[in-house]
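For reference, the structure is listed below as structure tokens.
Everything numeric here is computed off the predicted structure, so don't read it as measured data. First the proteins, then the strands, lettered A, B, ... as listed; each starts at 1. Side-chain atoms are counted along with the backbone in the values below, which use heavy atoms only and exclude waters and symmetry mates.
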There are 2 protein chains.
Amino acid sequence: MVREEDALVIAARDVAVPVAPAGPADGCTEDLPRLMALPGLIGTRVLFGRRQEIFGADEEARSIYRVISGAVRDVTVLTDGRRQVSAFHLAGDVFGLTAGPRHSHSAEAVVETVAMVYPRRPIEDAARRDARLACTLWLAALRQLEQGQDHVLLLGRRSAVERVAAFLSEIEQRSVGSGWFVLPMTRRDIADYLGLTIETVSRAVTRLEAEGALLRAGAKRIRLRHAPLRHLMGD
Amino acid sequence: MVREEDALVIAARDVAVPVAPAGPADGCTEDLPRLMALPGLIGTRVLFGRRQEIFGADEEARSIYRVISGAVRDVTVLTDGRRQVSAFHLAGDVFGLTAGPRHSHSAEAVVETVAMVYPRRPIEDAARRDARLACTLWLAALRQLEQGQDHVLLLGRRSAVERVAAFLSEIEQRSVGSGWFVLPMTRRDIADYLGLTIETVSRAVTRLEAEGALLRAGAKRIRLRHAPLRHLMGD
DNA sequence: CGGTGTCTTGAACACAGTCAATCGGAGTGG
DNA sequence: CCACTCCGATTGACTGTGTTCAAGACACCG
């Protein structure tokens, strides 16, 4: 089994893998807002109207964005009209990061939204010189990566009711206050985020209400009851 | 609509957003292997047996990995046994990156696998000093982020046959040669990656074969016929 | 107070899941 | 070399969750 080319390989079961005595390991600054205010990184506050496109798919990625207020959706549309929302960005979130020269999806304001817009080139130039900034951008990307993995788990292995329950929990946590909160997006956005139809989302919300897992005031004003909600979330 | 606190905000439709004249924009070095060979970053070649766990969920993230040969799966298991594979890593891929101190999922060798293992702390220390390394790690994370978004689109808005067709295309592209290639993973892994059951994966492959979109030699040895395959992929 | 867009509800259907039996291929031992 | 075993893959019949198509309720705004 051990061929010559593997001669220097250590079998994982035979030896303890050499490791650093890891501590909290968050050496990078988490304070992206302040870093982005560094000299030379001049951002612009921009107001986007409801449903306004912020950038389009295949468009050159010239800017990086941070939400001040409002909500933004990342959208991919297939040629036959099927639509997928891959992420929502709320106040404080950074979006528009991409490895390549072009965006792979579009971003649209869900409601009237104010965002800081930073030109990409100067940011990347600065990141190439300032390791702290680069490290911070790395963390921002990793955090989005982990959100994406949660999303994959949601879409791959959860029922409709579980998806809607998890979605509402997520939005509640990312909204400011506790108690009542407002869904900025329509049922269509939610459905396209959860890989469902608007009818199924509607039925799931109705069912959650019937089971006592939430209270409603209109379609978008919601208050969760966490104890019964957890019961319906599976894990 | 424009309140006082928005006074300094520029409406996106009124002015051209100031942008840098963006070029190819890939200032960061893409050559992660060579960067990881920098002085001070001492990796270890480690051999993992088939199905061996490389790291577990909730385990401290002490290392970063790069696949030399073989294949690795990222796995999340819910308490009720439902299983989701969030990614496969093939030769050349970096994995084990995480923002927090702990892994959110486990990683397992799909087949006998050799990987380079780099201790995390020294890498992050170096990244905090060397902006090029930080920038490169940033790109690695962004690339995984984009793969995650493709995965979300797959799970959210594609039929079973489309998912399997897209999956086979993806593996073919990431494998070395052209023509025939080998699936290192079982039907269970594929099903858990695509959010399907093994029976549905099996039926989809059978159907793709019947429609002339692929040839089979055993369950894992495959050759794709791209023209008919595209037809069945929707977009 | 009407009009329009969004949301909810209902009934029929379809796609993928479940349960169960069979097939196939790699490895093992006689 | 063949028979046996085991695990994974395939196929079939039936079920169920979520979709589709269609109608109606609600709320927001002129």
Side-chain angles (χ1 to χ4, degrees), chain A residues 1 50-51 73 78 80-84 110-112 154-168 182-211 214-222 232 234, chain B residues 1 49-51 73 78 80-85 110-112 154-168 182-211 214-222 232 234:
Chain A
M1 184 53 61
R50 190 170 129 83
R51 295 180 195 216
R73 58 178 176 243
L78 301 184
D80 61 3
R82 285 180 293 184
R83 185 170 172 272
Q84 177 70 43
V110 172
V111 293
E112 193 140 289
L154 199 73
L155 295 179
R157 285 298 178 226
R158 297 222 179 252
S159 71
V161 170
E162 287 172 344
R163 291 184 208 191
V164 172
F167 172 76
L168 294 175
V182 174
L183 296 173
M185 64 290 288
T186 65
R187 292 291 187 268
R188 166 128 306 285
D189 284 330
I190 299 173
D192 289 341
Y193 179 76
L194 297 177
L196 301 169
T197 60
I198 55 173
E199 294 93 330
T200 300
V201 171
S202 187
R203 280 185 253 267
V205 173
T206 300
R207 174 142 172 243
L208 288 170
E209 188 181 27
E211 309 247 4
L214 59 80
L215 303 170
R216 269 198 282 187
K220 296 190 170 174
R221 194 161 211 88
I222 300 226
L232 296 163
Chain B
M1 186 50 61
R50 190 170 129 85
R51 294 181 196 214
R73 58 179 175 243
L78 302 184
D80 62 2
R82 285 179 293 184
R83 186 169 170 273
Q84 177 68 44
V85 173
V110 173
V111 293
E112 193 142 290
L154 200 73
L155 295 179
R157 286 298 178 226
R158 298 221 179 253
S159 71
V161 171
E162 288 171 342
R163 291 184 207 190
V164 172
F167 172 77
L168 295 174
V182 174
L183 295 173
M185 64 290 289
T186 65
R187 293 291 187 268
R188 167 129 305 284
D189 284 329
I190 299 174
D192 289 340
Y193 180 75
L194 298 178
L196 301 170
T197 61
I198 55 174
E199 293 93 333
T200 301
V201 171
S202 188
R203 279 185 254 266
V205 173
T206 300
R207 173 142 173 243
L208 288 170
E209 188 181 27
E211 309 248 5
L214 60 80
L215 303 171
R216 268 198 282 185
K220 296 190 170 174
R221 195 161 210 88
I222 302 229
L232 295 163

Selection from D:dT10, C:dC7, D:dG18 that lies nearest to any side-chain heavy atom of A:A160: D:dG18

B:R187 vs D:dT10: side-chain N/O to OP1/OP2 distance below 4.0 Å: yes

Phosphate-side-chain proximity, B:R221 and D:dA9, N/O vs OP1/OP2 below 4.0 Å: no

Atom-to-atom span, CD1 of A:I198 to P of D:dT19 - whole angstrom: 11 Å

Heavy-atom donor-acceptor pair, A:R203 side-chain to D:dT20 base, under 3.5 Å: yes

Any B:S202 side-chain nitrogen or oxygen under 4.0 Å from OP1 or OP2 of D:dT10: yes

Residue A:R207 excluded, over 12 heavy atoms near CZ under 6.0 Å: no

Minimal non-hydrogen separation, A:L232 against A:E162, with atom names: O-CG, 3.3 Å

OP1 or OP2 of D:dT19 under 4.0 Å from side-chain N/O of A:T197: yes

Phosphate OP1/OP2 of C:dG17: any B:T200 side-chain N/O under 4.0 Å: yes

Minimum-distance nucleotide to B:E199 side chain [options: D:dG12, C:dC7, C:dA16]: D:dG12

Sugar-phosphate only, base, or nothing, as touched by A:R163 at under 4.0 Å among non-hydrogen atoms: nothing

Atom CZ of A:R83 with >12 non-hydrogen neighbours under 6.0 angstrom: yes

Among D:dT19, D:dC7, D:dT10, the nucleotide that comes nearest once only the side chain of B:R51 is considered: D:dC7

A:R216, CZ: over 12 other non-hydrogen atoms inside 6.0 angstrom: yes

Interatomic distance, B:R82 CZ vs C:dG17 P [rounded to whole Å]: 13 Å

Most 5' of B:R50 and A:G195 on DNA chain D, judged by nearest nucleotide: B:R50

